[in-house]
Amino acid sequence: MKRSEIALVVVLGASIVCACSVVWVRLKGIGNPFETSATTESSTAIVLTAASATTSAGESEDDKGPLEDEEVLEGFENYLHFKIKDLEAILDEGKKPCTWGIASSDKNEVMIMFKSHTGSLLRYHVNRNSGKTYVTSYSVEYNDYFRTKETLNIRDYLDKKPTPTPYAIKPSGNTTAETAARPKVKISNAVSKTATVGGAKLPYKIPKVSITGKNTDSANKKMKSELGKYDLKGSSARSITYSYHTSPKLISILVHISDNDSTTVDTYKVYNIAVSSGKIVRDSTAVKLAGSSTKKFFAKVKATYKKFGGGSGAPASFAKSAQKQNLKRVSYKYLTPYVNKNGHLCFLGYVSYYGGAEKGYRVFDATSKKLIV
């Protein structure tokens with residue numbers, strides 16, 4: 001076969017994506033490009049439907065920092081719905097799937113490997129900061145990747161809602177198989193000891209997260225490093241307990257650090273971990289994985305602060321003063337979102353109370369708009 005004919009076959013193979021359905025996979029590595037199926041890091045496989053391809057309306061992007069892996073994957077999924085005509089119809093027909101996932105990720109670039117049902121391979125190189133993306137295609141003739149004319153910006157597709165089609169009325173796929181394929185999440189104790197605080201024996205527990213097929217070492221190392229610095233005995237001893245909530249996308253852990261002294265303010269820490277990566281994610285990403293948006297979350301925070309009087313028994317003038325100060329702190333600089341064990345979107349907020357005479361961290365339920373502790 002002539003060189004020009006082979007190149008044409010590669011281009012056509014990469015473009016015939018409209019004859020396939022799509023599943024999520026995270027590739028363990030590129031591996032042999034001639035293999036008929038991608039090697040996956042876990043058994044996770046979630047069939048795309050119209051419902052999973054949409055994004056929340058009214059999303060507010062307050063944080064323009066580097067893109068998280070989860071945001072890159074979400075933008076890429078949305079992009080496919082614009083690129084591939086009648087994708088929902090293809091999904092409903094249940095044809096042989098295409099696969100994609102993160103093949104590599106560092107502080108500058110996220111590379112997504114895309115494999116069509118024909119075995120054609122494309123790599124999407126995403127700049128983590130700008131979102132600008134270029135594409136390389138595998139050449140059988142040269143056994144290497146070459147840049148194509150296809151370019152996009154992943155950020156342009158983070159908030160785009162794909163246009164629904166008549167075929168997207170019902171989700172497709174084997175629901176039982178999808179549920180069974182979800183990675184298993186386990187929260188256990190990395191450390192389980194007893195602290196002696198004020199002569200009392202109190203629990204001292206540091207959480208550990210494990211997710212099948214995911215590397216959670218960095219998350220566990222951070223929790224153990226930050227929480228393990230507290231003493232077990234003496235005047236500086238602290239007891240440590242935690243509660244958590246897990247969902248298909250997010251693990252939220254609220255840690256309570258106490259010295260058992262009612263006259264002092266306890267310390268709290270929140271760790272939000274993405275199930276898809278096993279890594280701790282920033283606040284805006286945690287809110288999105290919890291099924292909300294920054295705009296909606298901040299609206300709930302404001303409503304909660306308006307009901308917070310700034311301390312029981314405080315005069316009305318003190319309450320107004322505290323509310324005024326707290327409403328100026330509605331940003332991720334002063335708020336840490338998390339999901340509690342009841343599944344409510346909550347937050348740890350740095351607030352003023354007793355008219356602003358005191359400041360410290362308090363835990364609020366943004367769903368019920370109440371102070372928890």
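Predicted model only: the values in this text are computed from it and were never measured.
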statement: The salt bridge (Lys or Arg N to Asp or Glu O under 4.0 Å) partners of E226 (sequence neighbours excluded) come to K222
field: side chain to side chain donor-acceptor pair (under 3.5 Å) partners for D231, two or more places apart
entry: S236
field: Smallest separation among heavy atoms of S352 and Q325, with atom names
entry: OG-OE1, 3.0 Å
field: Connected-component partners of Y361 among ILVMFWY, side-chain separation under 4.5 Å
entry: L254, Y268, V270, Y334, Y338, L348, Y350, V363, I372, V373
field: Test item: T216 side-chain N/O and A219 main-chain N/O as donor-acceptor pair under 3.5 Å
entry: no
field: Apart from V197 itself, residues in the same hydrophobic cluster as defined by side-chain heavy atoms under 4.5 Å
entry: L202
- prompt: Relative to each other, are the rings of Y305 and F364 parallel, tilted or perpendicular (30° and 60° limits)?
  reply: perpendicular
query: For the atom pair OG (S192) and CD1 (I206), what is the distance rounded to the nearest 0.5 Å?
result: 10.0 Å
query: Can we call the ring centroids of Y271 and Y242 under 6.0 Å apart?
result: no
query: Looking at residues at least two apart in the chain, or sitting in another chain, which of them share a side chain to side chain donor-acceptor pair (under 3.5 Å) with D261?
result: T263
- request: Have a look at T133 and tell me which of V110, L152, T151 forms a side-chain contact (heavy atoms from CB on, under 4.5 Å) with it.
  value: L152
From N326 atom CG to K302 atom NZ, the distance as rounded to the nearest 0.5 Å: 13.0 Å
field: Criterion side-chain hydrogen bond (donor to acceptor under 3.5 Å, both in side chains) against D266, the qualifying member of H256, R238, R362
entry: H256
query: With a 3.5 Å cut-off and no angle check, do the side chains of S105 and R128 form a donor-acceptor pair?
result: yes
- line: Which of L289, I211, T246, L250 passes side-chain contact (heavy atoms from CB on, under 4.5 Å) with V275? Answer is I211
Interatomic distance, Y145 atom OH to T136 atom OG1 [nearest 0.5 angstrom]: 7.0 Å
statement: d(L122 CG, S137 OG) to nearest 0.5 Å is 5.0 Å
task: Could I get the full list of side-chain contact (heavy atoms from CB on, under 4.5 Å) partners for D283, not counting sequence neighbours?
output: Y332, T336, P337
- request: Could you tell me whether a side-chain N or O of T304 sits under 3.5 Å from a main-chain N or O of K300, the two making a donor and an acceptor?
  value: yes
query: For the atom pair CG (N340) and CD1 (I253), what is the distance rounded to the nearest 0.5 Å?
result: 14.0 Å
message: Under 4.0 Å between a side-chain nitrogen and a carboxylate oxygen: does that hold for E71 and R282?
response: yes
